[in-house]
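Below: the structure, in structure tokens.
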Amino acid sequence: MCGIVGYIGKKPALPILVSSLRRLEYRGYDSFGFFVLNRDSHFLLKKVGKISEWEEKLLKVSCQGNLGISHTRWATTGEVNEQNAHPHFDCNKEIFLVHNGIVENHQQLREKLIGEGHKFSSETDTEVFCHLIEKYFQGNLEEAVREALKEIKGNYAIAVISRKDPNKIVLATFGAPLLVGLSDGEYFIASDPAAIISYTRQVISLDDNEIAVVTPQNHFILKEKPIEQIDWEIKEAQKEGFSHFMLKEIFESPAVIQEAIRGRMDIERGLAVLGGLDQAWERLEKIERLIITGCGTARYAGMVGEYMLEEYAKIPTEVEVASEFRYRKPLLDEKTALLAISQSGETADTLEAVREAKRKGTLTLGLVNRVGSSIARETDAGVYNRAGLEIGVAATKSFVSQLTILALLTVSLGRKKDMSLVIGKRILEELSKLPQLAKRVLEQADYIKELAQKYSEYKNFIYLGRKYNYPIALEGALKLKEIAWKVHAEGVCGGEIKHGPIALLDEDFPVVCIAPSDSVYEKMRNAIEEVKSRNGKILAVATENNEEIKKLVDDVIYIPKTLEMLTPILSVIPLHLFAAYLGLELGLDIDKPRNLAKSVTVE
Ligand code: F6R
């Protein structure tokens, strides 16, 4: 949801900003812009489109100046055009600013500032920052920023430069990420370490309400802050031979399962060891109810978790859409725990749900991929996915990892209750086989690609699943409609099709049935027969050796046999691939689907 990059040092700023901003394109790609300050001139460029399409041209631009800011936008307020692209500026083009977040009271502020004589040149909420800073500027930029922020309601990460107080970049955050990367005689500013890991691994993350001042010689943040070491490999931010990050990340599924379970299983004793929960155990042991929250794909992972935890750990569990959580006035107490699931750890709705739960004295836990992200920091305890950088806008490998960790959590909580050693051991043994089984699923990639070609002529799909694979039907449909967005898809619970959606079906409306050989297979077979008798075309995901299904459906993708509760981890992989290949077949950019951004840091 918008990416920010800044540089201050001895080198020419523009090439550094261009190459770093490109790595943040997943956060928004409607439009982009740069501001570079030189001693007596400046360079300002704003364009509609993706920075990757302009990279070559930009790298040839002759631009002096060792200090600059840049931004890639995912529009919230104001349509996509050059005026609304960042950086924004004040009336006299002396203050330049980039912003990630949303200003809730921008309309009132705009009217007030216009009344005071300020001239706006965009429709964005962001521009009010520039005029407020202009209003309060008396020679010192950070002082003006501090005064301006007192009037802002909403969330923000901003980076500001003033031509009248040059040689510094002023930063401020509230509810949106921003970090300062440290190197010898230079500083890098970014929304996400992915942007700057080729320049530095040492970063300081800003906390809410902090204002930082960065000059070529030093940085100043009010509070003494620890320097974090980013241990990602640069190759994680590269495609490594794949045409797209999404494909690369789906192919990493076996590796992320391995990483999720590494060092976390004591199979002999049937125990899952989740060190991140240690400090919360005393409270966790007393909980009588668990609420899982998240958005989109992360919520679907939570729904699989609900089935796992209720069946095996015997903990009453509910899943809540994070964006509804705090408006619904949830009944929370100290016997309830809230588990927030988020790849980015920055999703505003999920973060707000955590804050609401904390306000009510509820134990908060996080299942987060991004180390040091807001949700990771603000929850009482949690587990990291260790799934590495996910750059494709659609969540794929992070979902597989979330499911794996939810299975570990089930064992971990279940064994503290009445789960037997035998069951605990069984789940862990099966989990340890999953990386190999996931590899076998991926061996069918060429076949899945052919299926995607075959099905690419259809405009509508229904995905059907039951029990553990009902959330997988939702996830398969979500992935198809976001990645291959010319196609519409809905996920439906197998038992519900006859209560309405069946009216849609005919020979032009294929149904993807997730029907592994599990406790609800017979029920899924009934649904398949109902679809078939309406001439619907069926693509099934079924368990190896199920020969019968071939006679019932048009095409089958087989997955290896595993425990019922773990089947979603395998059944989702072909659906991720199917969505990716179908998107490619339709000529779409599967890494950056239309209208989406990877981390949604606005409500
Ligand atoms: C779908 C997708 C989104 C995210 C959702 C939550 O492919 O990527 O639905 O799952 O925006 O994001 P995180 O997990 O970062 O909180």
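Counting starts at 1 for both ligands and their atoms, in listed order. Every heavy atom of this structure was used, including side-chain atoms; hydrogens, water molecules and symmetry mates were not.
- Minimum heavy-atom separation, P510 to Y458: CG-CG, 3.4 Å.
- With atom 13 (P) of ligand 1 as the reference point, the heavy atom nearest to it among T297, T347, L367, I375 is part of T347.
- The A298 neighbourhood of ligand 1 comprises atoms 10 (O), 14 (O), with distances under 4.0 Å to a heavy atom of that residue.
- Judged by the shortest distance from any of its heavy atoms, R370 lies outside the 4.0 Å radius around the atoms of ligand 1.
- Near G296, meaning under 4.0 Å from any of its heavy atoms, are these atoms of ligand 1: 9 (O).
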For this session: I would like to know whether Y463 and L480 meet side-chain contact (heavy atoms from CB on, under 4.5 Å); could you show each step before the answer?
Result: CA-CA 10 Å; Y463 282 63; L480 191 68; 3.6 Å; yes
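- Between G294 and ligand 1 there is no heavy-atom distance shorter than 4.0 Å.
- The neighbour count for K358 NZ, taken as heavy atoms of other residues, nucleotides or ligands under 6.0 Å away, is above 12.
- A salt bridge does not link E356 to R328: none of the charged nitrogens lies less than 4.0 Å from a carboxylate oxygen.
- Using a non-hydrogen distance threshold of 4.0 Å, N369 does not register as a contact of ligand 1.
- Each of the atoms 8 (O) of ligand 1 lies under 4.0 Å from some heavy atom of V393.
- Within the listing of ligand 1, atoms 1 (C), 7 (O) sit less than 4.0 angstrom from a heavy atom of K479.
- Taken to the nearest 0.5 Å, the CD1 atom of I257 stands 5.0 Å off from the OG1 atom of T404.
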Donor-acceptor contacts under 3.5 Å from residues 485-492 side chains, at least two apart:
from	atom 1	to	atom 2	distance (Å)
H488	ND1	N460	OD1	3.4
H488	NE2	E490	OE2	2.6

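- If you look at T396 next to ligand 1, there are no close heavy atoms at all, none under 4.0 Å.
- Counting heavy atoms closer than 4.0 Å to ligand 1, residue E482 contributes side-chain atoms (C-beta onward) but none from N, CA, C or O.
- Of the N or O atoms in A394, none lie within a sub-3.5 Å distance of an N or O in ligand 1.
- One distance of note links NZ of K360 with CG of L338; it measures 11.5 Å at 0.5 Å rounding.
- No side-chain donor-acceptor contact under 3.5 Å links S31 and K50.
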Return a table of donor-acceptor pairs under 3.5 angstrom between the side chains of residues 565-579 and protein atoms on other chains or two or more places apart.
from	atom 1	to	atom 2	distance (Å)
T567	OG1	N469	ND2	3.1
T567	OG1	E564	O	2.8
S571	OG	N469	OD1	2.7
S571	OG	T567	O	3.3
H576	NE2	E475	OE2	2.7

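- Taking every heavy atom of S344 and a limit of under 4.0 angstrom, the matching atoms of ligand 1 come to 13 (P), 15 (O), 16 (O).
- For ligand 1, the atoms lying closer than 4.0 Å to a non-hydrogen atom of S342 are 13 (P), 14 (O), 15 (O), 16 (O).
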